[in-house]
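All remarks here apply to the structure that follows.
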Amino acid sequence: MNENVLNKLKILAESAKYDVSCSSSGTVRSNKPGMLGNTVGGWGICHSFAEDGRCISLLKVMLTNYCIYDCAYCINRRSNDLPRATLSVSELVDLTMEFYRRNYIEGLFLSSGVVRSPDYTMERLVRVAKDLRTVHRFNGYIHLKSIPGASRELVNEAGLYADRLSVNVEIPKEENLKLLAPEKDHKSVYAPMRYIQQGVLESSEERKKHRHAPRFAPAGQSTQMIVGATTETDKDILFLSSALYKGPTMRRVYYSGYISVNTYDTRLPALKQPPLVRENRLYQADWLMRFYQFKVEEIVDDAYPDLDLEIDPKLSWALRHPEQFPVDINRADYEMLLRIPGVGVKSARLIVASRRFSKLGFYELKKIGVVMKKAQYFITCHELPMKTVNEMTPQAVRSLLITNPNKKKVDERQLLLDFQD
């Protein structure tokens with residue numbers, strides 16, 4: 001393999017590592033005669049794990065790390081002095097096919113800095129995907145980052161070859177985006193999002209009429225927000241996420257704890273470490289909205305604009321609403337079971353199915369997979385002797401559940417936005 005291309009790959013793979021908005025594709029592209037690869041079982045790439053335990057990986061790389069923008073939070077900003085490289089379309093296509101044939105990867109996650117203009121950059125990204133599909137008959141997973149400000153025609157063409165398209169919001173509030181990235185605005189981000197949504201819906205209607213009509217971005221779209229670079233509360237972030245999920249094609253919102261890569265820029269907070277606990281709580285809250293039927297205003301509101309860093313969002317909600325508990329595990333409906341701390345989606349379904357045959361007690365619940373350490377304070381069943389949250393107090397339950405002498409204390413800087421003067 002060409003040593004010059006490998007040197008470029010090292011630089012561009014390093015530059016791509018801060019983009020977290022890639023994971024399982026959520027699409028099934030089965031193997032076809034005369035084509036290479038597939039997306040097995042609907043699982044995507046980026047070191048995901050399939051049901052049989054296989055680790056599935058992808059080539060995560062940038063087309064170029066040159067950029068015309070000077071965003072304060074980005075390692076690839078124009079004013080940074082760092083190694084730069086650009087892969088040609090043919091180099092990247094050949095690299096992807098070579099890695100695939102060696103069984104290093106099963107797909108491609110491709111992003112890019114913006115060079116010359118959004119359309120110029122987007123056109124090159126589309127050419128990579130098009131050549132892989134039409135020239136090399138590559139049938140594996142492709143995730144393309146759509147460039148903010150790209151034209152509808154190029155976004156529509158990208159959707160014909162990519163499994164998933166994504167456009168990063170980065171900063172939730174427009175005024176904060178303008179502060180850190182004066183050359184960007186939310187209009188240029190939301191426009192490609194709408195193009196992708198319209199393309200998916202039009203493709204769906206077309207496939208109802210013609211079964212073999214081409215699919216448009218069958219795995220939908222995703223986006224990413226940076227957590228901790230600006231003054232947004234968790235309420236600001238989650239309300240935006242909730243609004244994005246109301247669109248029929250938004251599959252995932254990713255939250256990336258701000259990594260202080262440009263410490264010299266005084267517009268950025270002086271964080272010694274990324275706010276990883278806060279990032280994790282946002283993912284847990286996101287999960288509640290997507291799979292546990294929680295509304296965003298139940299998780300965060302004006303009284304509680306930030307998530308509790310010591311306990312998970314569901315437990316936090318339960319302790320704020322003791323009047324909802326205890327729940328009779330043998331009678332409660334599925335929706336209420338989902339709100340019990342320690343009960344997951346799978347556990348709730350098993351409870352509903354199992355209690356038709358016999359009453360459930362402590363042993364049966366534990367066997368099903370309920371985390372009884374949490375759940376015991378919020379449920380009743382025919383043999384559970386524990387006091388519930390109302391017989392104790394929410395404060396007492398909280399202290400019991402967070403007391404762990406071996407656990408490291410949460411760093412107070414996780415939520416601290418200490419901006420430099």
- request: Rounded to the nearest 0.5 Å, what's the gap from CZ on Arg84 to CG on Asn76? Could you check?
  value: 6.0 Å

Heavy-atom side-chain contact between His136 and Asp94 under 4.5 Å: yes

message: More than 12 heavy atoms of other residues, nucleotides or ligands under 6.0 Å from CG of Asp302: yes or no?
response: no

field: Test ring-ring contact (aromatic ring centres under 6.0 Å, His included) applied to Tyr245 - qualifying residues, sequence neighbours left out
entry: none

Charged tip of Lys60 within 45° of Phe109 ring normal and under 6.0 Å: yes

message: Using a 6.0 Å cut-off, check whether atom CZ of Arg116 has over 12 heavy atoms from anything other than its own residue.
response: no

message: Tell me if the NZ atom of Lys366 is crowded by more than 12 foreign heavy atoms within 6.0 Å.
response: no

query: Per the salt bridge (Lys or Arg N to Asp or Glu O under 4.0 Å) rule, which among Lys208, Arg152, Lys209 passes with Glu202?
result: Arg152

query: Which pairs pass side-chain hydrogen bond (donor to acceptor under 3.5 Å, both in side chains) with one or both residues in residues 338-352, sequence neighbours excluded?
result: Glu298-Arg339

Heavy-atom side-chain proximity of Ile311 to Ser316 below 4.5 angstrom: yes

task: Kindly say whether Glu170 contributes a backbone atom to a donor-acceptor pair with the side chain of Asn168 at under 3.5 angstrom?
output: no

message: Counting neighbours of NZ on Lys235 that are heavy atoms of other residues, nucleotides or ligands and sit closer than 6.0 Å, is the number greater than 12?
response: yes

query: Under a 4.5 Å cut-off applied to non-hydrogen side-chain atoms, are Leu282 and Asp234 in contact?
result: yes

query: Less than 4.5 Å apart, any side-chain heavy atom of Met250 and any of Gln221?
result: yes

Side chain proximity check, Leu59 to Leu9, heavy atoms < 4.5 angstrom: yes

message: Could you check whether any side-chain heavy atom of Leu180 comes within less than 4.5 Å of a side-chain heavy atom of Cys71, counting everything from C-beta outward?
response: no

message: Using a 3.5 Å distance criterion without hydrogens, assess whether the side chain of Thr64 forms a donor-acceptor pair with backbone atoms of Gly113.
response: no

query: Sequence neighbours excluded, which residues qualify as ring-ring contact (aromatic ring centres under 6.0 Å, His included) partners of Phe216?
result: none

message: Between Asp131 and Arg127, does any side-chain N to carboxylate O distance fall below 4.0 Å?
response: no

- prompt: Looking only at atom types and distance, does a side-chain atom of Arg252 sit under 3.5 Å from a main-chain N or O of Thr223, one as donor and one as acceptor?
  reply: no

task: Answer yes if the ring centres of Tyr73 and Tyr258 are under 6.0 angstrom apart, and no otherwise.
output: no

message: Using a 3.5 Å distance criterion without hydrogens, assess whether the side chain of Asn65 forms a donor-acceptor pair with backbone atoms of Ala85.
response: yes

Salt bridge present between Asp163 and Arg133 (N-O < 4.0 angstrom): yes

field: Heavy-atom closest contact (Asn80 atom, Cys74 atom, distance)
entry: ND2-O, 3.8 Å

message: Please check this pair: side chain of Thr134 against backbone of Lys130, looking for a donor-acceptor N/O pair closer than 3.5 Å.
response: yes

task: Determine yes or no for a side-chain-to-main-chain donor-acceptor pair under 3.5 angstrom, with Glu157 supplying the side chain and Leu154 the backbone.
output: no

task: Run through Lys184, Arg267, Arg77 and flag the one making a salt bridge (Lys or Arg N to Asp or Glu O under 4.0 Å) with Asp70.
output: Arg77

query: Does the Tyr283 side chain pair with the main chain of Tyr255, one donor and one acceptor, at a distance under 3.5 Å?
result: yes

- request: Scan Lys374, Arg398, Arg281 and name whichever one has a salt bridge (Lys or Arg N to Asp or Glu O under 4.0 Å) with Asp312.
  value: Lys374

message: Around atom OH of Tyr304, are there more than 12 heavy atoms from other residues, nucleotides or ligands closer than 6.0 Å?
response: no

- request: Measure up the Tyr190 and His186 rings against each other and bin them: parallel (under 30°), tilted (30 to 60°), perpendicular (over 60°).
  value: tilted

- prompt: Would you call Leu401 and Val397 a side-chain contact if the rule is heavy atoms closer than 4.5 Å?
  reply: yes

